[in-house]
Number of protein chains: 2
Amino acid sequence: MILKKDAENSFEAVSKGQPKPRLTAGQQSLLDTLQHQPQPLSAQALYGVMRRQQPIGLATIYRALETLKLLGLVQHRVTLTGETLYSAVEHDHHYLTCLQCGVSVPLETCPVQELAAQLQGTSSFRIYYHTLEFFGVCEGCEG
Amino acid sequence: MILKKDAENSFEAVSKGQPKPRLTAGQQSLLDTLQHQPQPLSAQALYGVMRRQQPIGLATIYRALETLKLLGLVQHRVTLTGETLYSAVEHDHHYLTCLQCGVSVPLETCPVQELAAQLQGTSSFRIYYHTLEFFGVCEGCEG
DNA sequence: TTGCAATATGATAATGATTATCATTCCAAT
DNA sequence: ATTGGAATGATAATCATTATCATATTGCAA
Ligand SMILES: [Mn+2]
Ligand SMILES: [Mn+2]
Ligand SMILES: [Zn+2]
Ligand SMILES: [Zn+2]
């Protein structure tokens, strides 16, 4: 996927002709940070990253992430340890995870893109993102 | 998917030629219960269900679910509210969930079956199950 | 069978990520 | 400038899950 670098507000790219929400400085800053991350991050990790550029309270980060999710700008996934990781919706990656040691290997392709577009028309939902993950046991953990 | 009704120990059906683990009475009972559920259940919900048939401590249920997961007999998914739901691996269903009200609509098809089999050969992992979920906003929550 | 070591179980305390509170600050529109 | 509503931050509370630890079972050898 091609991203316009440093769009002043990437909302345009996602929502077309919908009620336009104004992001606060903090939300915008958080979104920018997220869009520049190569990996999904937890709320607490984001708290640490923002700390150096634009300090934002942890509670506010959780609230902002929720808001951005509802706007279709941010997506989430939950790790085996129970922490939620966030990333920009443009970040469409999936993993193969070992149930034993927890190691995650990224997949190269996303076989769901088509179905997502198809569902978009079929269902009455407006679809923002999806999660796809495979679980099993890695070679090293083979018992 | 067709299920042999009341297999004495469905492990055979999943693991072929691997070190055969003996499930304890509680684990077996829990697995049976899970295989008869039409919907994924949380550990606590299972605790409530087992209560009437074969009382098992909550901690033991969590441990058993973890064990069954490692054996490739049980799968899990995490809801928006953060609770983990468990189901027998035979239960291959996916959902379209509203980020606002949390309602989940089941999908009819699983477009990942093939890729899973393919990955099985490509990767060095032994793949047990996968999760696939679409997130968006339902018609009623449309803002 | 009997005895023991390894494993499983239950009750309960502890953990930790997330959420609820609430006082304060910001913001937009009179 | 004034004001009502939304946003923020610090912090307490929540609650699903884990860690403990004492007790009960199980598997196996003597
Ligand atoms: Mn994808
Ligand atoms: Mn599937
Ligand atoms: Zn592993
Ligand atoms: Zn909804």
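Below, each value reflects all heavy atoms present in this structure, side chains not excepted, and no hydrogens, waters or symmetry copies. The chains referred to below are lettered A, B, ... by the order of the sequence lines, with proteins before strands, and numbering in each begins at 1.
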Checklist entry - Starting at the 5' end of DNA chain C and moving along, which residue's nearest nucleotide shows up first, B:A59 or B:L80? => result B:A59
Item to check | Sequence neighbours excluded, every pair satisfying side-chain hydrogen bond (donor to acceptor under 3.5 Å, both in side chains) that has a member inside residues 115-125 of chain B | outcome: none
Item to check | A:T109 side chain to A:P111 backbone, donor-acceptor under 3.5 Å | outcome: no
Next on the checklist: Distance check needed: C:dT9 P versus B:M50 CE, whole Å only.
Outcome noted: 11 Å
Item to check | Test side chain to side chain contact (heavy atoms under 4.5 Å, CB included) applied to B:L107 and B:Y95, step by step | outcome: CA-CA 5 Å; B:L107 304 182; B:Y95 308 84; 5.7 Å; no
Next on the checklist: Using a 4.0 Å heavy-atom cut-off, does B:T84 contact any base of the nucleic acid, only the sugar-phosphate backbone, or nothing at all?
Outcome noted: sugar-phosphate
Item to check | A:Q27 vs D:dA7: side-chain N/O to OP1/OP2 distance below 4.0 Å | outcome: no
Checklist entry - Between atom CD1 in A:I61 and atom P in D:dG9, what is the gap in whole Å? => result 9 Å
Checklist entry - What is the distance, rounded to the nearest whole Å, between atom CZ of B:R63 and atom P of D:dT17? => result 15 Å
Checklist entry - Applying the 4.5 Å side-chain criterion to the ILVMFWY set and letting contacts propagate, would B:L85 and B:I56 be lumped into a single cluster? => result no
Item to check | Interatomic distance where OH belongs to B:Y62 and P belongs to C:dA8 [whole Å] | outcome: 20 Å
Checklist entry - How many Å lie between CG on A:L23 and P on D:dA7, as a whole number? => result 11 Å
Checklist entry - Heavy atoms under 4.0 Å, any strand shown: does A:T24 hit a base, just sugar-phosphate, or nothing? => result sugar-phosphate
Item to check | B:Q44 CD - C:dG10 P separation (whole Å) | outcome: 16 Å
Checklist entry - Does A:T60 have a side-chain nitrogen or oxygen under 4.0 Å from the phosphate oxygens OP1 or OP2 of D:dA7? => result no
Checklist entry - Between B:L65 (CG) and D:dT18 (C1'), how many Å, whole number? => result 14 Å
Next on the checklist: Whole angstroms only, please: what is the CG-P distance between B:L70 and C:dA8?
Outcome noted: 12 Å
